[in-house]
Engineer: 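Following this message is one structure expressed as structure tokens.
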Amino acid sequence: MYAFSFHQPETLEEAKRLFGESDDPRYLSGGHTLLPSMKLRLATPSDLIELNAIESLKGISIEGDNVVVGAGTRHGDVAQSADVLAAIPALADLAGMIGDFQVRNRGTLGGSIANADPAADYPAAIVGLNATVKTDRREIAADDYFTDLFETALEEDEIVTAVSFPTPVRAAYMKFPNPASRYAIVGVFVAETAGGIRVAVTGAGASVFRVVEMEAALTVNFAPEAVADILIPDDDLNSDIHAANDYRAHLVTVMAKRAVEKALG
Amino acid sequence: MTITVSMTVNGEERSGTCEERTLLVTFLRETLRLTGTHVGCDTSQCGACVVHVDGESVKSCTMLTVQAEGRNVTTIEGVADGDTLHPMQQAFHENHGLQCGYCTPGMIMSALDLIKHNPDPTEREIREHLEGNLCRCTGYHNIVKSIRAAADKMATGA
Ligand SMILES: Cc1cc2nc3c(=O)[nH]c(=O)nc-3n(C[C@H](O)[C@H](O)[C@H](O)COP(=O)(O)OP(=O)(O)OC[C@H]3O[C@@H](n4cnc5c(N)ncnc54)[C@H](O)[C@@H]3O)c2cc1C
Ligand code: FES
Ligand code: FES
């Protein structure tokens with residue numbers, strides 16, 4: 001790991017000021033993506049601006065029909081939160097499937113969605129539940145937030161502060177994990193929300209995407225059979241040593257079916 | 001830049017100098033000479049480096065030393081009571097829960113965090129909890145057996 005300067009601001013304003021004054025700065029939350037990349041010298045920031053001392057980024061609250069999770073909330077805390085378990089058990093379930101126990105003790109929601117790994121789990125919940133990403137300057141709708149491979153709508157110095165998840169009628173997440181890393185080879189989040197049925201897929205493409213054909217079929221009949229024969233085109237899907245694109249397409253159908261089954265309890 | 005950090009390690013106030021980029025595991029091993037904590041990978045996946053920070057298990061290869069400033073760190077060296085092994089260590093010994101021993105400190109620190117949250121884990125829960133701890137030797141069976149045995153012993157306080 002190359003040398004850098006470390007900063008620990010206590011307010012968002014200070015964090016942004018430090019960001020503006022540095023050569024090649026990066027924010028740091030749980031460090032479970034950034035530090036491994038720095039060890040491999042894939043990332044070489046001049047300054048690390050740690051956000052963990054900023055109290056306003058922490059915690060989980062219920063606001064009307066929404067569960068608002070602070071960007072600095074760790075995966076393990078989401079998995080065990082009584083509020084999340086009561087309102088959106090599928091979200092707690094998803095958080096509890098991320099990586100391993102120690103990863104969940106450090107990794108955060110904000111870090112995960114700022115990084116936007118194509119195989120990360122949270123993007124499926126954000127898009128599946130039609131959540132709103134809150135930042136230090138605006139609110140971004142789920143469908144506008146993830147733009148491409150490791151790309152989001154965030155500006156360079158923008159800080160994710162929280163995510164507001166609307167409570168669904170029912171929802172579930174199923175993933176086929178990579179047996180070594182636990183990242184999703186394919187993960188499917190199915191939700192019946194106030195605005196209709198949503199099916200969001202992570203791991204299969206460059207970035208999370210919805211399957212409108214499955215959404216339409218589930219609107220007519222919310223049952224596993226409804227999606228069992230829907231196979232998505234595999235042309236643009238990821239193909240790597242872990243799984244070929246046609247296999248991923250197949251897994252989307254299987255995981256969607258299982259997610260519907262799980263959502264029905 | 002050289003910085004000075006202070007933290008409580010295994011109940012003692014310790015301080016030392018390192019760089020901002022120094023990983024906690026490097027500080028523990030090379031500055032404090034607590035070499036029981038191991039490094040088995042470059043990718044934060046193996047768990048050989050697991051220690052407790054403020055009572056929670058973390059991978060010390062994926063945390064900066066400056067982030068442990070003022071915190072309470074426990075390593076494998078802080079687990080036994082003098083010459084008396086901790087029931088978890090004793091259980092690994094009795095159940096052949098290690099072969100080369102490389103993964104063992106991390107396994108034990110991780111297992112202790114499990115028992116804290118779940119004093120009576122099922123075999124499945126133990127296996128799931130060990131997702132982040134890799135062992136190249138044992139095939140895990142005896143590790144799981146050791147942790148189960150330790151849970152029994154710790155429950156009866158024996
Ligand atoms: C062994 C291992 C297994 C894993 N398995 C999984 C898995 O199964 N599923 C999964 O989804 N993830 C997995 N992860 C990734 C893990 O969830 C990370 O914690 C997460 O992706 C990044 O969160 P972080 O808080 O650690 O972010 P950091 O590493 O601190 O930061 C990541 C990026 O986000 C930026 N950033 C951080 N916080 C903010 C913010 N509030 N606003 C704007 N930008 C910010 C940083 O500048 C950096 O570019 C795994 C990681 C490891 C090491
Ligand atoms: S050395 Fe820390 S996880 Fe491998
Ligand atoms: S005993 Fe050798 S790696 Fe586990």
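Predicted model only: the values in this text are computed from it and were never measured.
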Engineer: For B/Asn10 and B/Thr75, indicate whether the former's side chain and the latter's backbone hold a donor-acceptor pair under 3.5 Å.
Structural biologist: yes

Engineer: Select, from A/Pro36, A/Gly30, A/Ala3, the one with the greatest count of heavy-atom pairs under 4.5 Å involving chain B.
Structural biologist: A/Ala3

Engineer: Taking the side chain as C-beta and beyond, is there a heavy-atom pair between A/Asn52 and A/Ser29 under 4.5 Å?
Structural biologist: yes

Engineer: Quick one, A/Leu91 and A/Ser81 - any side-chain contact, counting heavy atoms below 4.5 Å?
Structural biologist: no

Engineer: Counting only non-hydrogen atoms closer than 4.5 Å, does A/Glu50 touch chain B with its backbone (N, CA, C, O), its side chain (CB onward), both, or neither?
Structural biologist: side chain

Engineer: Can you check side-chain contact (heavy atoms from CB on, under 4.5 Å) on B/Glu20 and A/Leu48, steps first, answer last?
Structural biologist: CA-CA 10 Å; B/Glu20 284 158 308; A/Leu48 278 191; over 6 Å; no

Engineer: Is a donor from one side chain sitting under 3.5 angstrom from an acceptor on the other, for A/Tyr2 and A/Arg41?
Structural biologist: yes

Engineer: Rounded to the nearest 0.5 Å, what's the gap from CG on B/Asn142 to CZ on B/Phe92? Could you check?
Structural biologist: 10.0 Å

Engineer: Checking A/Leu34 against chain B: side chain, backbone, both or neither under 4.5 Å from a heavy atom?
Structural biologist: neither

Engineer: Non-hydrogen contacts under 4.5 angstrom with chain B: give the residues of residues 99-126 of chain A involved, or none if there are none.
Structural biologist: A/Gly99, A/Asp100, A/Phe101, A/Gln102, A/Val103, A/Asn105, A/Arg106

Engineer: State which residues pass ring-ring contact (aromatic ring centres under 6.0 Å, His included) with B/His38; sequence neighbours excluded, sorted by chain then number.
Structural biologist: B/Tyr102

Engineer: Do you know which of B/Val9, B/Leu32, B/Asp54 makes side chain to side chain contact (heavy atoms under 4.5 Å, CB included) with B/Val73?
Structural biologist: B/Val9

Engineer: Take a 6.0 Å sphere around CZ of B/Arg29 and say whether it holds more than 12 heavy atoms from other residues, nucleotides or ligands.
Structural biologist: yes

Engineer: Identify which part of A/Ser181 has an atom lying under 4.5 Å from any heavy atom of chain B, answering side chain, backbone, both or neither.
Structural biologist: both

Engineer: Do A/Arg182 and A/Ile98 have side chains that get closer than 4.5 Å, going by heavy atoms?
Structural biologist: no

Engineer: Any side-chain heavy-atom pair from B/Leu24 and B/Arg71 closer than 4.5 angstrom?
Structural biologist: no

Engineer: So which bits of residues 104-141 of chain B come within less than 4.5 Å of chain A, counting non-hydrogen atoms only?
Structural biologist: B/Ser110, B/Asp113, B/His117, B/His129, B/Glu131, B/Gly132, B/Asn133

Engineer: At a 4.5 Å cut-off on heavy atoms, which part of B/Val50 comes close to chain A: side chain, backbone, both, or neither?
Structural biologist: side chain

Engineer: Select all residues of residues 10-25 of chain A having any heavy atom within less than 4.5 Å of some heavy atom of chain B, and report them by number, or 'none'.
Structural biologist: none

Engineer: So, B/Thr37 side chain and B/Val25 main chain: donor-acceptor pair closer than 3.5 Å or not?
Structural biologist: no

Engineer: Are any of the side-chain heavy atoms of A/Leu35 and A/Met1 separated by less than 4.5 Å?
Structural biologist: yes

Engineer: With heavy-atom distances below 4.5 Å as the criterion, would you say the side chains of A/Leu28 and A/Phe6 are in contact?
Structural biologist: yes

Engineer: For the atom pair CG (B/Asn95) and CD (B/Gln90), what is the distance rounded to the nearest 0.5 Å?
Structural biologist: 10.0 Å

